[in-house]
Asker: 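The structure's right below; bear with me while I get my questions together.
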Amino acid sequence: MKAFPRAELRRDLAGVVYVPAAQDPDRLGAALHAEGALVALKVRYGGSDPERAPWLVAARPFPLGPDLTRQLERLGAAVFALCDTAQDLYAEGDPHVRAALDIGVPEDLRGRDLDRRIELFRLDVVVSQSVPRVTEIEEAFGNVGKMHAFERAYGVGAGELFRAFHRRGIERIWMDDQYPTYRPENELAARRMREQFCRPVDVEFFSRFRDDGRRGWRFCYVKELRQYGERLRREIFAAAERLINPLFHGFGTKALLSLVWDPVLESAIAGRLGAQTMTVLRTCVPRSQVLPARPDPALVEQFKACGREKVLKVIDSDASEFTWGSRGVFFGDHSAGRWRSALDAAAAGQIPGRPEATGSRFVIGDLVESDRFDVEFLHPHSRQLCLLPRARIRLTPIYAREGHGSELLGGHTTFVNTSRKVHLGHHAVCTPFVPSFTQA
């Protein structure tokens, strides 16, 4: 990557450092077309303005290349195997697995649908030294509607993703009432299902759940069904066979990835997964562990001493906004003082900076440094091409279970160069990725 003199750097966009780029007419035209398509579809992120693109519009898609594509395909299959193994160990009553996966889950939501397998998930992936490193498994995930929009904007096919939904007979999207901002995106997904397959798909909140015999995609973590009354929960449980993913709560916790590195479970998990799958997981899953509810002070001091190498994430909290997205993520390399304070709060069961949010639980893991990329985007005001230099990357590949295997269905890429938290927003460049098997 080219190093840019400080005098060339521009900072007139909040949260963005960029430099002017060469005004190639083809790439500029492609970026303007992509922006127009996103605005026409009224794509939104959070509370963004539907009359404007909700992020910085990339000039082109991001090519994965054959090596990264192969790694992501192997990773998806390995994560399916991990989910299945964790589910089996839970069903067999393994106390260590249950202790990790049951954190914050009410009794009546534990251990449901143990005979059914996860069918769809998304990964959050950081590319580090050209290796995909998983930071989270999302079994209730956004981005499906975005993939429809990206197809219109960049010509990157989303048909396989929607065919996977069609094969499962999905005619409903049942949403968590706490997150209405995802409704426009899910409406886009429903619109695509109607257009491509003439399949009527309705989007509704779980508070209005009714079992009319139609299959639904569950856009809500099982644990968060606790917000609904007992009578409604019973109705949801009775209709579980018509919900995708099944109602096993263990798919949706940040503690799941820590099982890969749990020394107590190593022989049980490795014996079931096999050496090849275990190698993929230990290569691509950063080392992590669940922080005990009352951790030994010596353990806390140990983590304080290696803060530059660690990241702290909220697993469960009554302040539910910290269990979604990036709000509940705290990095150890920003400030030694803030890191020590964050660990003291976590050891006391509090969200850092929110002492009233008690009873919270955490996972602590290795901090992964992203590879850096220079990414072209359209300036939202000047309408010129610009370059986001040395941007960190996050990939969000989406997978479906197909027979005994796994299928990579697509996903998008987010780039940010002023923060470790690589998430969508006006400061981020966002574009679909192109796996090598779809490249001309």
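Keep in mind that what you see is a predicted model, and the values were worked out from it rather than measured. Below, each value reflects all heavy atoms present in this structure, side chains not excepted, and no hydrogens, waters or symmetry copies.
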Asker: Is the distance between the ring centroids of Trp55 and Phe415 under 6.0 Å?
Answerer: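 For Phe415 and Trp55, the ring centres are not under 6.0 Å apart.
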Asker: How many angstroms lie between CG in Leu82 and CG in Leu259, if you round to the nearest 0.5 Å?
Answerer: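 These two atoms lie 6.5 Å from each other.
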Asker: Looking only at atom types and distance, does a side-chain atom of Asp177 sit under 3.5 Å from a main-chain N or O of Ser207, one as donor and one as acceptor?
Answerer: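 Present.
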Asker: As a test of understanding, state which of Glu119, Glu224, Glu139 forms a salt bridge (Lys or Arg N to Asp or Glu O under 4.0 Å) with Arg218.
Answerer: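 Exactly one option meets the salt bridge (Lys or Arg N to Asp or Glu O under 4.0 Å) with Arg218, and it is Glu139.
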Asker: Looking at Glu369 and Arg392, is any side-chain nitrogen of the basic one under 4.0 Å from a carboxylate oxygen of the acidic one?
Answerer: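 Looking at Arg392 and Glu369, the cut-off is met.
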Asker: Picking from Asp316, Thr253, Asp102, what satisfies side-chain hydrogen bond (donor to acceptor under 3.5 Å, both in side chains) with Lys223?
Answerer: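 Of all the options given, the one that passes is Asp316.
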Asker: If you take all heavy atoms of Gly65 and Ser436, which pair is closest and at what distance?
Answerer: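 Closest pair (atom of Gly65, atom of Ser436, distance): C-CB, 3.6 Å.
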Asker: Flag the pair Arg234 and Asp108 as a salt bridge only when some basic side-chain nitrogen lies within less than 4.0 angstrom of an acidic carboxylate oxygen.
Answerer: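 Salt bridge: no.
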Asker: Ignoring hydrogens and angles, state whether a donor on the side chain of Gln350 or Asp344 is under 3.5 Å from an acceptor on the partner side chain.
Answerer: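 Asp344 and Gln350 do not have a side-chain donor-acceptor pair below 3.5 Å.
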Asker: Taking the six-membered ring of Tyr18 as reference, does the NZ or CZ atom of Arg10 fall below 6.0 Å from its centre and within a 45° cone about the axis?
Answerer: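 Arg10 over Tyr18 ring: no.
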Asker: Nearest heavy-atom pair of Ala58 and Tyr154: which atoms, and what distance?
Answerer: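 Closest pair (atom of Ala58, atom of Tyr154, distance): O-OH, 2.8 Å.
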Asker: Could you tell me the separation between the CG atom of Asp115 and the CG atom of Asp88, rounded to the nearest 0.5 Å?
Answerer: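 So the CG of Asp115 and the CG of Asp88 are separated by 11.0 Å.
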Asker: Of Ile351, Leu343, Val311, which meets side-chain contact (heavy atoms from CB on, under 4.5 Å) against Phe330?
Answerer: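 Checked Ile351, Leu343, Val311 against Phe330; only one passes side-chain contact (heavy atoms from CB on, under 4.5 Å): Ile351.
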Asker: Is any NZ, NE, NH1 or NH2 atom of the basic residue among Arg183 and Glu187 found under 4.0 Å from an Asp or Glu carboxylate oxygen of the other?
Answerer: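 Salt bridge present between Arg183 and Glu187.
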Asker: Taking the six-membered ring for Trp, are Phe209 and Trp174 closer than 6.0 Å centroid to centroid?
Answerer: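 Close enough - the centres of the two rings lie under 6.0 Å apart.
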Asker: Determine the sole option in Leu395, Val144, Asn143 for which the side-chain contact (heavy atoms from CB on, under 4.5 Å) test with Arg122 is passed.
Answerer: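 It is Asn143, the one option of Leu395, Val144, Asn143 that forms the side-chain contact (heavy atoms from CB on, under 4.5 Å) with Arg122.
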Asker: Check whether any side-chain N or O of Thr414 sits under 3.5 Å from a backbone N or O of Val422 as a donor-acceptor pair, and report yes or no.
Answerer: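 Such a contact is absent between Thr414 side chain and Val422 backbone.
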Asker: How long is the straight-line distance from CG of Leu13 back to SG of Cys386, given to the nearest 0.5 Å?
Answerer: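 So the SG of Cys386 and the CG of Leu13 are separated by 7.5 Å.
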Asker: Report yes or no: does Arg192 contribute a side-chain atom to a donor-acceptor pair with the main-chain N or O of Leu188 at less than 3.5 Å?
Answerer: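 Between the backbone of Leu188 and the side chain of Arg192 there is no qualifying donor-acceptor contact (under 3.5 Å).
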Asker: Check whether any side-chain heavy atom of Val127 lies under 4.5 Å from a side-chain heavy atom of Ser370, and answer yes or no.
Answerer: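 Val127 does not reach Ser370 side chain to side chain.
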Asker: With sequence neighbours excluded, what pairs up with Pro54 under the side chain to side chain contact (heavy atoms under 4.5 Å, CB included) test?
Answerer: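 Pro54: side chain to side chain contact (heavy atoms under 4.5 Å, CB included) contacts with Val43, Tyr45, Ser48.
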Asker: What closest approach, in Å, do His423 and Ala428 show between heavy atoms, and which atom pair accounts for it?
Answerer: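 So the minimum-distance heavy-atom pair works out to O-CB, 3.5 Å.
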Asker: Assess the pair Phe62 and Phe373: is the distance between their ring centroids shorter than 6.0 Å?
Answerer: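 Between Phe373 and Phe62, which both carry aromatic rings, the centre distance is below 6.0 Å.
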Asker: For His148 and Ala158, indicate whether the former's side chain and the latter's backbone hold a donor-acceptor pair under 3.5 Å.
Answerer: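 Judged by distance alone, no pair lies under 3.5 Å.
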Asker: Within a reach of under 6.0 Å around CD of Gln129, are more than 12 heavy atoms found that belong to other residues, nucleotides or ligands?
Answerer: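 Check fails, neighbour count at 12 or below.
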Asker: Below 4.5 Å, heavy atoms only, C-beta onward: do Arg282 and Val260 meet side chain to side chain?
Answerer: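 Yes; the side chains approach each other to less than 4.5 Å.
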Asker: Give a yes or no on whether a salt bridge exists between Glu204 and Arg172, defined as a side-chain N under 4.0 angstrom from a carboxylate O.
Answerer: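 Result for this pair is no, no salt bridge flagged.
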Asker: Go through the side-chain N and O atoms of Asn417 and His427 and say whether any donor and acceptor fall under 3.5 Å apart.
Answerer: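 Side-chain D/A pair, Asn417 to His427: absent.
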Asker: Quick check for you: to the nearest 0.5 Å, what is the distance between Leu256 atom CG and Ser288 atom OG?
Answerer: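 OG of Ser288 is found 9.5 Å from CG of Leu256.
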Asker: Out of curiosity, Glu92 CD to Leu114 CG, how far, rounded to the nearest 0.5 Å?
Answerer: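 Atom-to-atom, Glu92:CD and Leu114:CG are 10.5 Å apart.
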Asker: Out of Tyr182, Trp217, Tyr221, Tyr179, which residue meets the ring pair (Phe, Tyr, Trp, His ring centres under 6.0 Å) rule with Phe141?
Answerer: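 The ring pair (Phe, Tyr, Trp, His ring centres under 6.0 Å) with Phe141 is passed solely by Trp217 among Tyr182, Trp217, Tyr221, Tyr179.
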Asker: How long is the straight-line distance from SG of Cys430 back to CG of Leu424, given to the nearest 0.5 Å?
Answerer: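 Reported to 0.5 Å precision, the distance equals 4.5 Å.
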Asker: Test your reading of the model: is there a side-chain donor-acceptor pair from Arg361 to the backbone of Val290, 3.5 Å cut-off?
Answerer: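 It does not hold such a pair.
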Asker: Could you tell me whether His404 atom NE2 has more than 12 heavy atoms of other residues or ligands within 6.0 Å of it?
Answerer: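 It does not: His404 NE2 has 12 such atoms or fewer within range.
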Asker: Give me the atom names and distance for the closest heavy-atom approach of Phe331 to Arg420.
Answerer: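 Closest heavy-atom pair between Phe331 and Arg420: CE1-CB, 3.5 Å.
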Asker: Do side-chain atoms of His412 reach the backbone of Met147 as a donor and acceptor pair under 3.5 angstrom?
Answerer: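 No; zero donor-acceptor contacts below 3.5 Å.
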Asker: Just by distance, do the side chain of Thr277 and the backbone of Gly274 share a donor-acceptor pair under 3.5 Å?
Answerer: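 No: the side chain of Thr277 does not pair with the backbone of Gly274.
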Asker: Answer yes if the ring centres of Phe251 and Phe121 are under 6.0 angstrom apart, and no otherwise.
Answerer: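 Distance test on ring centres: not under 6.0 Å, no.
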Asker: Can you confirm whether more than 12 heavy atoms, excluding those of Arg308, are under 6.0 Å from its CZ atom?
Answerer: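 12 or below, so no.
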Asker: Could you tell me which non-hydrogen atom of Thr135 sits nearest to which non-hydrogen atom of Lys313, and how far apart they are?
Answerer: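 Smallest heavy-atom distance, with atoms named: O-NZ, 2.8 Å.
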Asker: Does Arg70 pair with Glu73 as a salt bridge, N-O distance under 4.0 Å?
Answerer: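 Salt bridge: no.
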Asker: Below 4.5 Å, heavy atoms only, C-beta onward: do Met193 and Phe165 meet side chain to side chain?
Answerer: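 Result yes, sub-4.5 Å side-chain heavy-atom pair found.
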Asker: Using side-chain heavy atoms (C-beta onward) and a distance below 4.5 Å, is Glu407 in contact with Arg401?
Answerer: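 No. Closest side-chain heavy atoms not under 4.5 Å.
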Asker: Can a salt bridge be assigned to the pair Arg44 and Glu185 using a cut-off of 4.0 Å between side-chain N and carboxylate O?
Answerer: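 No salt bridge links Arg44 with Glu185.
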Asker: Can you check whether Arg116 reaches Phe248 side chain to side chain, under 4.5 Å on heavy atoms?
Answerer: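 Not touching, per the 4.5 Å side-chain cut-off.
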Asker: Are any of the side-chain nitrogens in Glu301 or Arg340 under 4.0 Å away from the carboxylate oxygens of its partner?
Answerer: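 Result for this pair is yes, salt bridge flagged.
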Asker: Look at atom CZ of Arg52 and say whether more than 12 heavy atoms of other residues, nucleotides or ligands are closer to it than 6.0 Å.
Answerer: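 No, because the 6.0 Å sphere around CZ of Arg52 holds 12 heavy atoms or fewer from other groups.
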Asker: Judged by atom type as modelled, is there a donor-acceptor pair below 3.5 Å linking the side chain of Gln87 to the main-chain atoms of Asp113?
Answerer: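 The answer is yes, because a donor-acceptor pair under 3.5 Å joins these two groups.
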Asker: Treating Asn245 as the side-chain partner and Leu120 as the backbone partner, does any N or O pair qualify as donor plus acceptor under 3.5 Å?
Answerer: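 Flag set: sc Asn245 to bb Leu120 pair under 3.5 Å.
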Asker: Is the shortest heavy-atom distance from the side chain of Gln71 to the side chain of Val131 under 4.5 Å?
Answerer: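 Yes, side chains in contact.
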Asker: Donor-acceptor check, side chain of Trp261 to backbone of Val285, threshold 3.5 angstrom: yes or no?
Answerer: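 Yes, the answer is positive, given that a donor and an acceptor are paired below the 3.5 Å cut-off.
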Asker: Do the non-hydrogen side-chain atoms of Leu312 and Trp339 ever get within less than 4.5 Å of each other?
Answerer: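 Sidechains of Trp339 and Leu312: in contact.
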Asker: Apply salt bridge (Lys or Arg N to Asp or Glu O under 4.0 Å) to Glu241 and Arg112, showing your working.
Answerer: CA-CA 11 Å; Glu241 67 193 47; Arg112 293 189 169 274; over 6 Å; no
Asker: Return the minimal non-hydrogen interatomic distance between Phe433 and Leu64, and the atom names on each side.
Answerer: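 For Phe433 versus Leu64, the nearest heavy atoms are CD1-CD1, 3.5 Å.
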Asker: Please determine whether a side-chain nitrogen of the Lys or Arg among Lys42 and Asp49 lies less than 4.0 Å from a carboxylate oxygen of the Asp or Glu.
Answerer: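 Salt bridge between Lys42 and Asp49, a charged N being under 4.0 Å from a carboxylate O: no.
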Asker: Using the rule given for side chain to side chain contact (heavy atoms under 4.5 Å, CB included), can you reason through Leu38 versus Val57, listing the C-alpha separation, both sets of side-chain angles and the distance that settles it, and then say yes or no?
Answerer: CA-CA 9 Å; Leu38 295 173; Val57 176; 4.1 Å; yes
Asker: Is there a side-chain contact between Asp124 and Thr396 (heavy atoms, below 4.5 Å)?
Answerer: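 With C-beta onward as the side chain, the pair touches.
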